[in-house]
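Just below is one structure, and these are the notes that go with it.
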Amino acid sequence: MAKQTKKPVNKSASRLESIFAYMAAGLIGTSIIAMLAALIIAATGSATPGLGQQLLPPILVFYPQFGLVAGAASIIGLLITNIRRRNRENRATN
């Protein structure tokens, strides 16, 4: 059998893809944790405004709204960079 040679991998593209992937996982994961924390705080009744009690912290309310959108945007960015890298590799082999 013929020996197959491996092509050099473009390190900057793979680094960008890993950054997008970890960003998406981190943003979506922390958004889910914040939503669960808000649900648990609301379910225990400690979020009801009463004498000596406070409302939910604003970060627990607003972070999932922005975190999920930013996570979805980073997934789209990952998809675009992956498509561009594959197109570039296909053009180089043809």
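Values in this document were obtained by computation on a predicted structure and should not be read as measured data.
- Side-chain heavy atoms closer than 4.5 Å link hydrophobic residues (I, L, V, M, F, W, Y) into clusters, and following such links, possibly through other members, connects I28 to L36.
- When every heavy atom of G71 is checked against every heavy atom of A24, the shortest pair comes out as O-CB, 3.8 Å.
- For the residue pair Y63 and A34, the shortest heavy atom distance occurs at CD2-CB, 4.2 Å.
- Atom CE of M35 and atom CD1 of I40 lie 12.5 Å apart (nearest 0.5 Å).
- We find the CG-CD1 distance between L60 and I33 to be 11.5 Å, quoted to the nearest 0.5 Å.
- Between the OG1 atom in T93 and the CZ atom in R88 there is a gap of 13.0 Å [rounded to 0.5 Å].
- Remark: R86 pairs with N82 by the side chain to side chain donor-acceptor pair (under 3.5 Å) rule, at least two apart or across chains.
- Note that the CD1 atom of I19 and the OG atom of S14 stand 9.5 Å from one another [nearest 0.5 Å].
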Steps toward side-chain contact (heavy atoms from CB on, under 4.5 Å) verdict (L27, L68) | CA-CA 7 Å; L27 287 168; L68 290 174; over 6 Å; no
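- Here I76 sits in one hydrophobic cluster together with I80; the rule is ILVMFWY side chains under 4.5 Å apart, joined directly or through other members.
- Placement of L16 and L78 within a single hydrophobic cluster is found when ILVMFWY residues are connected by side-chain heavy-atom separations under 4.5 Å, directly or transitively.
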